[in-house]
Amino acid sequence: MKKSNTAFLSQAAMIAAVYVVLTYVFAPFSFGEIQVRIAEALTILPLFTPAAIPGLFIGCLLGNILGGAILPDIIFGSMATLIGAFGTYMLRNNLPLLAPLPPILANTIVVPLVLRFGYSVTLPIPFMMLTVGIGELLSCGVLGIILYAALRRYKNIIFVEAQR
């Protein structure tokens, strides 16, 4: 039991750290009305381990804080990633190729609202949904599926003993 908790916490911490680094390194296009947050590709990881759910949430939270986001963005943007990660986890046994959809949908709905009401961006909300949705499609859909394909054959080696 102790080994399992340690593995869970270690995996969550590593996923959070990678999310923060990717968000920070690619900050010029990780924020704003038109964004492709490369770190969102990691939202595919709940297919492999439940530790990815808190890891992605904490990573997004810290990435938003370090990226200079305002409080509504820190809270609601991180919640969108949490909802997306949980949705991906729920699809783990049935439809892994549809796993990018929950984070794409959650962020496509939440982020434009944060941009409008938090940052007072005057672009039409449907337009921002389109731009954020395209960015999420690229990061979660394209990069996430590439990451899934790369990790799938090694899942029993990389993600051992972290089941809760």
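Counting from 1, the numbers follow the sequence of the chain as shown.
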Looking at residues at least two apart in the chain, or sitting in another chain, which of them share a ring-ring contact (aromatic ring centres under 6.0 Å, His included) with Phe86?
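Once residues adjacent in sequence are excluded, Phe86 has no partner under the ring-ring contact (aromatic ring centres under 6.0 Å, His included) criterion.
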With sequence neighbours excluded, residues passing ring-ring contact (aromatic ring centres under 6.0 Å, His included) with Phe26
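Listed in chain order: Phe29.
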I need the minimum non-hydrogen distance between Gln11 and Thr49, along with the two atoms involved.
OE1-OG1, 2.9 Å
For Met128 versus Val121, what's the shortest heavy-atom pair and its separation?
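Closest pair (atom of Met128, atom of Val121, distance): SD-CG1, 3.6 Å.
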May I ask you to decide if [Y]'s main-chain N or O and [X]'s side chain share a donor-acceptor pair within less than 3.5 Å?
X: Arg152; Y: Phe48; value: no
X: Arg92; Y: Tyr89; value: yes
X: Thr88; Y: Ala99; value: yes

Could you list the residues that satisfy side-chain contact (heavy atoms from CB on, under 4.5 Å) with [X], not counting sequence neighbours?
X: Ile58; answer: Ala16, Leu62
X: Ile146; answer: Val142
X: Ala85; answer: Pro46, Ile53, Leu56
X: Leu130; answer: Ile134

Grouping I, L, V, M, F, W and Y whenever their side-chain heavy atoms are under 4.5 Å apart, do Val18 and Ile65 come out in a common cluster?
no
Same cluster for Met14 and Leu45 if Ile/Leu/Val/Met/Phe/Trp/Tyr side chains link at under 4.5 Å?
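Different clusters: Met14 never reaches Leu45 through Ile, Leu, Val, Met, Phe, Trp or Tyr contacts under 4.5 Å.
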With sequence neighbours left out, write down each residue that passes side chain to side chain donor-acceptor pair (under 3.5 Å) with Thr81, or none if nothing qualifies.
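By the side chain to side chain donor-acceptor pair (under 3.5 Å) rule, Thr81 matches Glu40.
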If you measure from [atom1] on [X] to [atom2] on [Y], what distance do you get to the nearest 0.5 Å?
X: Leu91; Y: Leu97; atom1: CG; atom2: CG; answer: 10.5 Å
X: Leu115; Y: Met129; atom1: CG; atom2: CE; answer: 11.0 Å
X: Ile125; Y: Ile109; atom1: CD1; atom2: CD1; answer: 12.0 Å
X: Ser10; Y: Ile15; atom1: OG; atom2: CD1; answer: 10.5 Å
X: Ile44; Y: Leu151; atom1: CD1; atom2: CG; answer: 9.5 Å
X: Met90; Y: Leu47; atom1: CE; atom2: CG; answer: 12.5 Å

Checking Leu147 against Leu143 for the side-chain contact (heavy atoms from CB on, under 4.5 Å) test, could you report, in this order, the C-alpha distance in whole Å, the side-chain angles of both residues, the deciding distance, and whether it holds?
CA-CA 6 Å; Leu147 181 61; Leu143 295 177; over 6 Å; no
Any chance you could lay out the side chain to side chain donor-acceptor pair (under 3.5 Å) test for Thr108 and Glu136, step after step, and finish with the verdict?
CA-CA 7 Å; Thr108 298; Glu136 286 293 310; over 6 Å; no
Taking ILVMFWY side chains as joined if any heavy atoms are under 4.5 angstrom apart, and letting links pass through other members, which residues group with Leu105?
none
Can you list the other members of the hydrophobic cluster that holds Ile104, where links are side-chain heavy atoms under 4.5 angstrom apart?
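Leu137, listed by chain and number.
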Heavy-atom side-chain contact between [X] and [Y] under 4.5 Å:
X: Asn107; Y: Thr43; answer: no
X: Arg37; Y: Tyr19; answer: yes
X: Pro102; Y: Ile83; answer: no
X: Leu101; Y: Leu98; answer: yes
X: Phe8; Y: Pro50; answer: yes
X: Pro112; Y: Phe127; answer: no

Which atom pairs, donor and acceptor, lie under 3.5 Å between side-chain atoms of residues 70-80 and protein residues at least two apart or in another chain?
unit_1	atom_1	unit_2	atom_2	d
Asp73	OD2	Tyr119	OH	2.9
Ser78	OG	Leu61	N	3.3
Ser78	OG	Ile74	O	2.5

Checking side-chain contact (heavy atoms from CB on, under 4.5 Å) for the pair Val110/Val132: CA distance, chi angles, key distance, verdict?
CA-CA 10 Å; Val110 172; Val132 170; over 6 Å; no
